[in-house]
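Quick notes on the structure that follows.
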Amino acid sequence: MARKNSFCHTGGLAGLITDKAKACGADLAGIVNLEELRRSPSYTIIPRIGYFGDGDKENQRTIVRDTVQWPEAAKSAIVIAIHHPAEKPELDWWVSKNGSVGNTEGNKLLIRAMSSLVEWLETEQHIDCFKVPYNVERGGVFMKDAAVLGGLGCIGKNNMLITPEYGPRVRLRVILSAEDIPSTGGLDFDPCGDCSMPCRKACPQGAFSQQVYFSDTLGVESLPGRSGVYDRIRCNLQMVENESKAELAGADEHANGAMELVQYCRKCELICPVGSA
Ligand code: B12
Ligand code: SF4
Ligand code: SF4
């Protein structure tokens with residue numbers, strides 16, 4: 001579908017879209033051009049370290065695969081964030097029922113905000129949108145890279161997106177659009193320089209205890225955890241432990257079986273002082 005809106009100045013369009021995203025319920029929003037996103041650190045290193053979701057967990061640092069292609073007509077990605085404050089832990093709880101995992105309350109907010117934005121983009125701005133899966137190995141987007149390049153924040157020493165407004169306590173969602181819009185990034189923000197790094201000390205699995213990735217083998221300076229110290233395999237051990245300790249949340253309203261709550265680790269996130277009220 002050709003775009004029929006009246007904008008010829010893409011900076012104006014970017015502002016219009018990010019304002020609309022916030023009016024739809026997002027706390028933060030930005031845009032990244034896909035040409036720039038394709039060159040970002042995660043896309044550069046992933047063919048060398050393998051997708052996290054690749055089957056053979058033992059070889060996650062060595063599997064080599066091509067990165068996923070997006071629809072040819074997609075030119076930019078819109079990234080939105082929802083604040084997950086420490087005082088509302090339930091936004092982050094995963095509810096599973098009869099073995100199948102549902103959604104978090106925070107994800108539902110993200111989905112609602114993005115659906116309203118997409119409806120507006122397609123019906124009022126006549127801009128085609130393309131949904132992408134959450135998992136990157138199935139065609140999704142590395143959302144932290146998208147958020148940094150879209151101007152939402154920077155990658156902190158806890159390996160998470162840190163925003164000036166909410167620190168790392170945000171969750172992200174991305175949609176692709178057919179509009180060729182320049183990235184809205186360029187934020188001059190790095191709160192980690194003088195910080196004593198409580199985030200790294202808080203990790204129950206010691207996931208920041210040694211360097212596991214190196215620039216000379218991966219070809220980028222921006223490594224996981226910034227200096228190559230974030231170990232996704234150790235971190236995931238904690239996620240597996242969290243799943244095994246899922247709490248019974250009671251029977252669902254139709255008595256179709258018990259529901260369980262999974263509360264994944266957020267220690268390196270919640271201890272970060274940035275953006276705490
Ligand atoms: C797979 C996955 C996991 C796996 C593997 C994590 C990993 N990093 O490899 C596991 C299960 C272990 C995991 C854990 C967690 N995850 Co997770 N995860 C994902 C997922 C699906 C893909 C991430 C991925 O594979 N990245 C690729 C690897 C190579 O990237 P990386 O290690 O982060 O390192 C890159 C960046 O740091 C970046 N980078 C570094 N410096 C710079 C500088 C610039 C300029 C740029 C552009 C990039 C950049 O480049 C690095 C590569 O060198 C994303 C959703 C998505 N579709 O993006 C969520 C996501 C990243 N996870 C999220 C969260 C919240 C968590 C947890 C807190 C668990 C929880 N309670 O939900 C922990 C946090 C761990 C940590 N400290 O990073 C959020 C992050 C929000 C935020 N504020 O950053 C995301 C975006 C999901 C969401 N819906 O919002 N996760
Ligand atoms: S705790 Fe300090 S070093 Fe860690 S992410 Fe936050 S600001 Fe950066
Ligand atoms: S999410 Fe938990 S296990 Fe993973 S790096 Fe952060 S503190 Fe460590």
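Whatever order the structure lists them in is the order used to number ligands and atoms, beginning at 1. Heavy-atom basis, side chains included; hydrogens, waters and symmetry copies ignored.
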Any non-hydrogen atom of [X] lying under 4.0 Å from ligand 1?
X    : value
N135 : no
L110 : no
R266 : yes
G140 : no

With heavy atoms only and a cut-off of under 4.0 Å, state how [X] meets ligand 1: side chain, backbone, both or neither.
X    : value
N158 : backbone
C265 : backbone
L161 : both
I45  : side chain
Y213 : neither
M239 : side chain
N159 : both

**Q.** Side-chain heavy atoms of L223 within contact of F214, under 4.5 Å
**A.** no
Q. Going through the distances and angles, do K157 and D190 end up as a salt bridge (charged side-chain N to carboxylate O under 4.0 Å, His left out)?
A. CA-CA 10 Å; K157 289 186 177 174; D190 182 4; over 6 Å; no
Under a single-linkage definition using a 4.5 Å side-chain heavy-atom cutoff for Ile, Leu, Val, Met, Phe, Trp and Tyr, are [X] and [Y] assigned to the same hydrophobic cluster?
X    : Y    : answer
W70  : V79  : yes
M160 : L152 : no
Y166 : L161 : yes
I111 : L172 : no

Q: Starting from the C-alpha separation in whole Å, work towards a yes-or-no answer on salt bridge (charged side-chain N to carboxylate O under 4.0 Å, His left out) for E36 and R39.
A: CA-CA 5 Å; E36 191 179 359; R39 297 192 300 269; 5.7 Å; no
Selection from [options] by shortest heavy-atom distance to [atom]:
atom                    : options          : answer
atom 25 (O) of ligand 1 : Y134, F142, W93  : F142
atom 42 (C) of ligand 1 : S222, P133, S227 : S222
atom 13 (C) of ligand 1 : Y264, F52, Y230  : Y230

**Q.** side-chain contact (heavy atoms from CB on, under 4.5 Å) assessment of V141 paired with V136
**A.** CA-CA 5 Å; V141 164; V136 193; over 6 Å; no
[atom] protein-contacted, heavy-atom criterion under 4.0 angstrom:
atom                     : value
atom 75 (C) of ligand 1  : yes
atom 51 (C) of ligand 1  : yes
atom 91 (N) of ligand 1  : no
atom 17 (Co) of ligand 1 : no
atom 69 (C) of ligand 1  : yes
atom 45 (C) of ligand 1  : yes
atom 79 (C) of ligand 1  : no
atom 63 (C) of ligand 1  : no

For [X], counting its heavy atoms only, list the atoms of ligand 1 lying under 4.0 Å from any of them.
X    : value
L223 : 40 (C), 53 (O)
V170 : 81 (C), 82 (C), 83 (N)
V141 : 56 (C), 57 (N), 58 (O)
D92  : 71 (N)
V136 : 57 (N)
R171 : 65 (C), 90 (O)
P168 : 83 (N)
C235 : 12 (C), 14 (C), 75 (C)

Test of proximity, [X] against ligand 1: N or O pairs below 3.5 Å:
X    : answer
I46  : no
V148 : no
C268 : no
N107 : no

Q.
Assess the residue pair I175 and V132 against the criterion (side-chain contact (heavy atoms from CB on, under 4.5 Å)); give the C-alpha distance rounded to whole Å, side-chain angles, the decisive distance to 0.1 Å, and a yes or no.
A. CA-CA 6 Å; I175 192 97; V132 284; over 6 Å; no
Q | Listed once per pair and sorted, the salt bridge (charged side-chain N to carboxylate O under 4.0 Å, His left out) pairs that draw on residues 19-28, sequence neighbours left out | A | none
**Q.** Test log, rule salt bridge (charged side-chain N to carboxylate O under 4.0 Å, His left out), inputs E105 and R171
**A.** CA-CA 11 Å; E105 286 304 312; R171 298 294 177 266; over 6 Å; no
Q | Interatomic spacing from NZ in K201 to SG in C268 - rounded to 0.5 Å | A | 14.0 Å
Q: Keeping waters out of it, list the protein N, O or S atoms under 2.8 Å from atom 2 (Fe) of ligand 2.
A: C195 SG
Q | Protein N, O or S atoms lying under 2.8 Å from atom 8 (Fe) of ligand 3, listed by chain and number | A | C203 SG
**Q.** Side-chain H-bond candidate by donor/acceptor type, D145 with S42, under 3.5 Å
**A.** yes
Q: Please list, chain by chain and in numerical order, all residues satisfying side chain to side chain contact (heavy atoms under 4.5 Å, CB included) with Q238, sequence neighbours excluded.
A: P204, Q205, E241, N242, C265
Q: Identify, by atom number and element, the atoms of ligand 3 in contact range of M239, meaning under 4.0 Å from any of its heavy atoms.
A: 1 (S), 4 (Fe)
Q | Atom indices of ligand 2, in the order listed, that fall short of 4.0 Å to a heavy atom of I162 | A | 5 (S)
